[in-house]
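These numbers come from the heavy atoms of this one structure, side chains and all, not from hydrogens, waters or symmetry mates. Since the model is a prediction, treat every value here as computed from it, not as a measurement. A, B, ... follow the sequence lines: proteins, then strands. Residue 1 opens every chain.
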Protein chains: 2
Amino acid sequence: MVTIQDVAKAAGVSVATVSRVLNNSPRVTPETRMIVEAAIKELNYQPNLLGRNLRRAESKTILVLLPSISNPFYSRVVRGMEDTAQKYGYNIMLCNDYSEAEMEKNYLELLKKRIADGVIFTAPVLSAGELEDIAKDYPVVQCCEYIPGASLSHVSIDNEAAAYKAVKHLIDLGHRRIGFVGTQSVFISAIQRENGYKKALLDHGIEVSPELIQYGNYGFLSGLNVARSLVKMKNRPTAIFAISDVMAMGVMRAITDCGLSVPKDVSVVGFDNIDFSSMISPALTTVSQPRYRLGQTAMEILLEQLKNGTREVKEVILDSKLVIRDSTGALKSAYTPV
Amino acid sequence: MVTIQDVAKAAGVSVATVSRVLNNSPRVTPETRMIVEAAIKELNYQPNLLGRNLRRAESKTILVLLPSISNPFYSRVVRGMEDTAQKYGYNIMLCNDYSEAEMEKNYLELLKKRIADGVIFTAPVLSAGELEDIAKDYPVVQCCEYIPGASLSHVSIDNEAAAYKAVKHLIDLGHRRIGFVGTQSVFISAIQRENGYKKALLDHGIEVSPELIQYGNYGFLSGLNVARSLVKMKNRPTAIFAISDVMAMGVMRAITDCGLSVPKDVSVVGFDNIDFSSMISPALTTVSQPRYRLGQTAMEILLEQLKNGTREVKEVILDSKLVIRDSTGALKSAYTPV
DNA sequence: ATATTGGATGTAATCGGTTACATAGCGAGG
DNA sequence: CCTCGCTATGTAACCGATTACATCCAATAT
């Protein structure tokens with residue numbers, strides 16, 4: 001392995017000078033710089049970052065925790081983080097935590113072991129206290145999901161407003177019996193989306209019926225199962241709002257399995273606008289989040305914290321928008337007055 | 001930050017002894033071991049891996065290059081790699097190369113910079129020569145895709161045999177006009193799957209018609225566009241084999257867009273068995289690869305190479321299987337004799 | 001009692017960089 | 001001609017671990 005020593009010897013200078021060239025110090029004569037650069041090229045030298053990072057007490061890598069790369073929602077978010085990190089000379093370490101606290105804790109050890117300088121959570125399952133403990137020692141940002149109580153930076157959308165918009169769209173189409181397919185999870189988005197659903201109903205004089213609210217576990221199959229019970233009701237809903245596209249796909253399947261059709265018999269709205277939501281048929285009406293910008297902003301906040309050493313808590317809310325496709329249609333069974 | 005020095009001081013021993021405790025050296029009295037361990041716990045000490053790795057000249061992390069985490073095929077593959085790496089005390093560094101040679105080269109610098117000890121490619125776009133250059137200095141394994149010429153280890157399935165099986169299934173159902181939707185890419189899987197398609201036809205006395213072979217770029221939209229031309233032919237195929245599930249979804253959309261139905265009018269077979277292939281309706285008949293084991297095996301080979309310092313070239317072919325779902329059906333327009 | 005041995009522990013070199021401080025060399029000003 | 005000051009470069013300490021080698025001590029052999 002070629003080291004800075006070899007380069008120094010080859011160039012006939014000291015290691016300090018080589019280091020100065022590497023770090024663009026102005027205290028180097030143009031000629032010696034040329035000589036050193038020639039030697040670097042000649043030997044095909046790359047500095048050993050373990051040595052550099054040890055000395056500088058930094059690793060130039062950021063931990064990014066996400067539930068699983070199989071969740072298609074996060075790919076654009078990650079892209080935003082990647083691009084931003086790269087712009088500032090950082091690498092990211094992408095880790096699947098599979099929504100397991102133990103996994104998250106394991107990966108967080110990398111901070112203490114100096115393999116990473118900071119961490120972005122996308123959907124933490126750790127408690128507010130645990131997160132705040134980390135944040136005492138290291139920069140932390142939450143992206144997408146966040147823990148309301150914790151005094152930690154986060155960037156996210158207004159899930160309640162977004163869900164409100166989605167349900168209002170159904171109401172505007174004439175629907176009055178609107179089912180909800182969600183989860184009883186720790187994630188704030190699930191709670192806020194449910195709140196948005198209820199608020200939209202109430203604001204439009206529609207009663208919230210508990211039997212129309214069903215909980216699954218984010219999966220396709222759970223969406224399917226849960227929706228089946230909705231569809232099989234004697235007085236079934238004419239529209240269903242699901243808090244994720246994958247669950248919405250389960251809902252659509254439940255509907256077609258029962259011999260009904262989307263949107264003719266039941267309209268369906270999802271959430272997230274994953275790529276597949278436009279590939280299925282009928283294409284899914286859903287809520288689109290600014291995923292790239294979510295990741296980008298989170299990374300910028302983190303790197304800012306790292307640079308300044310500050311721990312200022314920033315809360316950023318980005319806009320979302322409803323994408324209307326083919327899975328929603330006007331209620332046509334009756335001329336219900338709006 | 002608490003260092004090994006602090007622990008040594010707190011325990012009243014030398015750093016060497018602490019290090020020996022950390023590394024389970026037998027040359028430590030049980031009592032002093034206890035004292036040291038108490039100090040470690042007391043101070044909540046974690047060794048700085050930058051120091052350790054520098055000294056040991058290793059990083060205990062493996063680079064994993066994949067086109068993009070948005071490709072749902074790779075999530076299980078990565079899981080197999082992750083679990084295996086973890087078992088042997090390694091971390092993985094997951095990198096999206098977006099099928100860009102420049103990106104791949106950038107990430108490979110991490111090897112020379114000592115941030116990673118070896119690399120697994122899933123779908124390299126670099127040339128055989130470039131890959132072999134890397135392999136001179138570092139352990140390299142190809143997983144899923146590979147470059148036929150290169151003398152590098154790889155683990156993969158027999159794509160030709162798998163495609164053959166898929167097409168034979170269509171033939172067995174009575175289909176004779178079978179379309180092919182593929183890509184003209186650098187990836188061997190695309191070539192082998194096309195070969196398998198052709199071989200299956202020829203082996204069953206069916207002529208290969210160039211007009212039934214269409215190329216796109218792996219995307220949903222390209223699958224859709226390309227399939228549209230197949231479906232609109234006056235003498236349209238009664239079945240279509242696509243080399244990826246995402247393309248197959250495009251194909252299905254093209255068919256339904258034309259007012260036809262799957263599988264009644266046209267049967268469709270995909271490839272990869274991504275999660276979504278069972279969520280859409282009709283559920284897609286497709287080829288399932290042992291994704292977890294692909295990743296696991298690749299990682300095992302890599303770590304083996306790393307441990308032994310050998311560069312033995314291993315070529316592992318795992319089994320695949322056809323998963324028959326609802327997108328394929330018997331040809332019923334005529335009683336074609338088999 | 002002394003020499004020998006072997007195991008536990010300590011001392012210090014080392015990995016490959018960065019950087020504070022030391023030094024050398026040169027030009028300008030008196 | 002000497003001094004001062006500035007700049008380019010070198011020397012060596014340092015980051016936090018590991019580990020070869022040295023040392024110390026107690027137990028055993030003679």
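- Across its full length, the helix from dA1(C)-dT30(D) to dG30(C)-dC1(D) shows an angle of 70° between the axes of its 5 terminal pairs at either end, rounded to 10 degrees.
- To the nearest 0.5 Å, atom CD1 of residue I147(B) and atom OG of residue S127(B) are 6.5 Å apart.
- For the pair N23(A) CG and dT19(C) C1', the interatomic distance rounds to 10 Å; values are reported in whole Å.
- Distance NZ (K112(B)) to C1' (dG16(C)): 16 Å, rounded to an integer number of Å.
- Here the P atom of nucleotide dG17(C) and the CD atom of Q46(A) are 10 Å apart, to the nearest Å.
- Using a 4.0 Å heavy-atom cutoff across all strands shown, N53(A) reaches no nucleic acid atom at all.
- Looking only at distances, no side-chain donor or acceptor of N23(A) sits under 3.5 Å from a matching main-chain atom of S25(A).
- Protein atom NZ of K9(A) is 14 Å distant from nucleotide atom C1' of dG16(C), rounded to whole Å.
- A salt bridge links R79(B) and D83(B); the closest N-O separation between the charged side-chain nitrogens and carboxylate oxygens is under 4.0 Å.
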Can you name the atoms? Protein N/O to nucleotides 12-15 of chain C N/O, anything below 3.5 Å, with the distance.
unit_1, atom_1, unit_2, atom_2, d
dT14(C), O2, R55(B), NH1, 3.0

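- In this structure D319(B) satisfies the salt bridge (Lys or Arg N to Asp or Glu O under 4.0 Å) test with no other residue, sequence neighbours excluded.
- When only modelled atom types and interatomic distance are considered, S189(B) and E145(B) share a side-chain donor-acceptor pair under 3.5 Å.
- Judged by distance alone, the side chain of T29(B) and the main-chain N or O of E31(B) form no donor-acceptor pair under 3.5 Å.
- For the segment residues 29-37 of chain B, residues with any heavy atom less than 4.0 angstrom from an atom of DNA chain C are, sorted by number, T29(B), T32(B).
- Chain B approaches DNA chain D within less than 4.0 angstrom (heavy atoms of the protein), and the contacting nucleotides run 5' to 3' from dG16(D) to dT19(D).
- Computed from coordinates, the R27(A) CZ to dA24(C) C1' distance equals 15 Å when rounded to whole Å.
- When each of Q5(A) and R20(A) is assigned the nucleotide of DNA chain C bearing its nearest heavy atom, the one mapping closer to the 5' terminus is Q5(A).
- When each of L302(B), V141(B), I120(B) is paired with M81(B), the side chain to side chain contact (heavy atoms under 4.5 Å, CB included) condition holds for I120(B) and for no other.
- Side-chain contact of D117(A) with S59(A): a donor-acceptor pair under 3.5 Å is present, judged by distance alone.
- Proximity of a side-chain donor or acceptor of Q296(A) to a complementary backbone N or O of T84(A) within less than 3.5 Å is not detected.
- Salt-bridge annotation for K9(B) and D6(B): absent, with no side-chain N of the basic residue lying under 4.0 Å from a carboxylate O of the acidic one.
- Note: M1(A) CE to K112(B) NZ = 10.0 Å, rounded to the nearest 0.5 Å.
- Atom CD of E42(A) has 12 or fewer heavy atoms from other residues, nucleotides or ligands within 6.0 Å.
- Taking Y146(A) as the reference, H154(A) meet the ring pair (Phe, Tyr, Trp, His ring centres under 6.0 Å) condition, with sequence neighbours excluded.
- A donor-acceptor pair is defined here as one N or O able to donate and one able to accept, closer than 3.5 Å; such a pair exists between the side chain of N48(B) and the backbone of L50(B).
- Side-chain N/O atoms of S19(A) include none lying less than 4.0 angstrom from OP1 or OP2 on dT19(C).
- Contacts of R52(A) with the nucleic acid, taken as non-hydrogen atoms under 4.0 Å apart, involve only primed sugar atoms and P, OP1 or OP2.
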